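Only one structure is covered here, and it is reproduced in the block below.
Every chain is numbered from 1, with letters handed out A, B, ... down the list of sequences. Everything numeric here is computed off the predicted structure, so don't read it as measured data.
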Amino acid sequence: MNCSEVQNLIHPFVDSELDLVPHVQIEEHLKTCDACSQQERQLRALRVAVGSPSHYYHAPASLRNRLQVAAPQVTRHWRRPPVQWVAIAASLLFMFAVGDIIGRLGSSLPADGLDSSVVDAHVRSLQANHLTDVASTDRHSVKPWFSGKLDFAPEVPDLSAEGFPLSGGRLDYLADRPVAALVYYSRLHPINLFIWPAVDDSVQPIQQFARQGYHIRRWQQSGMSYWAISDLNDEGLDQFVRLIQENSPAQQTSKSQTP
Amino acid sequence: MGSNRSFAVATFRKRDERLDSDERRQFEQIMLPHLDAVFNLARWLIQDEHAAEDVAQEAFVRAARYFDSFRGGDGRAWLLSIVRRASFDWLAKRKAQPLETFDEEIHNFDDSAADPQILAMRSFEQARVRQALEELPLPLREVLVLRELEGLSYQQVAAVAEIPIGTAMSRISRGRQQLQRRLASTEQSEAI
């Protein structure tokens with residue numbers, strides 16, 4: 001390939017969009033051509049500069065709230081459509097649609113309203129860069145860390161072999177009491193697992209729901225309440241929950257784990 | 001303009017019945033994680049914070065009504081094509097008014113960076129790159145946001161922007177070349 005052929009394909013080349021043969025041909029050319037390889041470096045630098053995370057607009061909290069709370073004000077900043085009935089129909093349908101999006105939340109909403117506290121705790125732990133008070137991948141240092149800080153001893157299973165390495169533990173506050181927060185990872189996705197003694201010894205099956213784009217599972221076993229929350233996909237989180245259940249004390253009469 | 005409006009009406013007419021609860025849960029789980037992507041694209045296309053919120057919300061409403069036409073696969077690309085249409089509808093309405101949109105935006109940008117401390121902390125390079133991207137013509141800005149900020153492939157960019165893949169490729173190249181020229185010229189004027 002000569003220089004002008006290379007320059008014609010330099011953009012798809014840096015985007016890794018070329019077939020193997022032209023890709024390799026350009027690589028060969030760049031090894032020997034200073035002008036073209038300088039252009040390639042500039043292009044890659046430009047890509048990094050444009051793709052900077054600081055240029056990414058994250059959805060503001062007000063928009064998240066709007067999608068979760070029915071507030072049919074979508075036409076607020078809009079010019080009135082020339083055909084009146086379009087506007088009327090649109091706003092009516094809008095209310096139905098938003099009602100639809102959130103309507104389900106009500107049906108599966110835990111009666112205690114804990115879900116929003118759990119989401120808040122999860123978001124806070126990520127935003128404040130305060131995921132863990134005790135950072136350790138070793139369950140044998142995380143578990144004792146909680147003793148003396150809590151009136152119960154949470155199980156800290158080691159799931160690293162299953163792809164969920166432990167990252168540490170943290171004290172958090174939920175349901176009007178201090179709770180244990182265990183932090184696991186699945187690749188880049190942090191998972192907060194909140195544990196505290198349940199009000200009764202009943203076994204409650206897994207409930208699943210989603211809030212603000214986070215997936216949540218809650219259940220109760222062995223007299224403990226468990227909440228798991230993550231931006232991990234459903235399949236991943238289900239696998240995590242199954243592993244936690246299998247590695248936690250089954251329903252047992254004596255709470256041998258409590259000190 | 002006419003085709004934009006007919007799209008909107010068709011959207012709202014498309015379904016009368018609501019999503020059932022399974023569909024709603026699916027919708028929420030597939031689509032809500034892409035809220036940032038939806039807002040980011042709307043914000044870059046229409047360059048107005050408040051309007052971008054409205055348009056992003058509008059996009060979710062349309063997506064809910066269109067959800068039965070979603071055949072699985074890449075939920076983000078599907079949703080991005082919807083927010084893109086909603087953004088263009090908004091821009092089309094906006095253009096009917098003789099508004100000095102672009103001057104306004106430049107002033108807004110300066111105001112937002114008025115705090116001297118924030119200004120000092122912010123890398124000058126980044127501010128220049130951002131401004132150059134903001135000033136790109138819409139068709140070029142659009143493909144670059146999809147490619148560089150959303151990380152879409154050429155094929156996905158073409159699908160979202162509703163253009164042939166060859167056009168996507170040439171717009172991405174032209175957009176980058178224009179950015180390079182703009183950045184080079186601001187560099188010169190600062191050096192003087």
Check: A:S54 main-chain N/O paired with B:R130 side-chain donor or acceptor under 3.5 Å: yes
Can you tell me which portion of [X] sits under 4.5 Å from chain B's heavy atoms? Options are side chain, backbone, both or neither.
{"X": "A:S62", "result": "both"}
{"X": "A:N233", "result": "neither"}
{"X": "A:D231", "result": "neither"}
{"X": "A:H58", "result": "both"}

Working to the nearest 0.5 Å, report the span between [atom1] of [X] and [atom2] of [Y].
{"X": "B:M169", "Y": "A:L18", "atom1": "CE", "atom2": "CG", "answer": "8.0 Å"}
{"X": "A:E17", "Y": "B:I165", "atom1": "CD", "atom2": "CD1", "answer": "6.5 Å"}
{"X": "A:Y57", "Y": "B:Q47", "atom1": "OH", "atom2": "CD", "answer": "7.5 Å"}
{"X": "B:Q177", "Y": "A:L43", "atom1": "CD", "atom2": "CG", "answer": "8.5 Å"}
{"X": "B:L144", "Y": "A:R47", "atom1": "CG", "atom2": "CZ", "answer": "10.0 Å"}
{"X": "A:H55", "Y": "B:L149", "atom1": "NE2", "atom2": "CG", "answer": "8.0 Å"}

message: Between A:V14 and B:R176, is the side chain to side chain contact (heavy atoms under 4.5 Å, CB included) condition met? List the steps.
response: CA-CA 12 Å; A:V14 298; B:R176 286 179 184 150; 3.9 Å; yes
Given side chains that start at C-beta, do those of [X] and [Y] come closer than 4.5 Å, heavy atoms only?
{"X": "A:H11", "Y": "B:Y154", "value": "yes"}
{"X": "A:L63", "Y": "B:V38", "value": "no"}
{"X": "B:M31", "Y": "A:L67", "value": "no"}

query: Considering residues, nucleotides and ligands other than B:Q155, do more than 12 of their heavy atoms fall under 6.0 Å from its CD?
result: no
Can you name the nearest heavy-atom pair linking [X] to [Y], along with the distance?
{"X": "A:G213", "Y": "B:P33", "value": "O-CG, 4.0 Å"}
{"X": "A:A59", "Y": "B:L35", "value": "CB-CG, 3.7 Å"}
{"X": "B:E150", "Y": "A:Y56", "value": "OE2-OH, 2.6 Å"}

query: So what's closer than 4.5 Å to chain A heavy atoms on B:L133: side chain, backbone, both or neither?
result: side chain
query: Which answer fits B:A132, side chain, backbone, both or neither, if we ask what part of it has an atom under 4.5 Å from a heavy atom of chain A?
result: neither
- request: Select, from B:A42, B:A37, B:A56, B:A52, the one with the greatest count of heavy-atom pairs under 4.5 Å involving chain A.
  value: B:A37
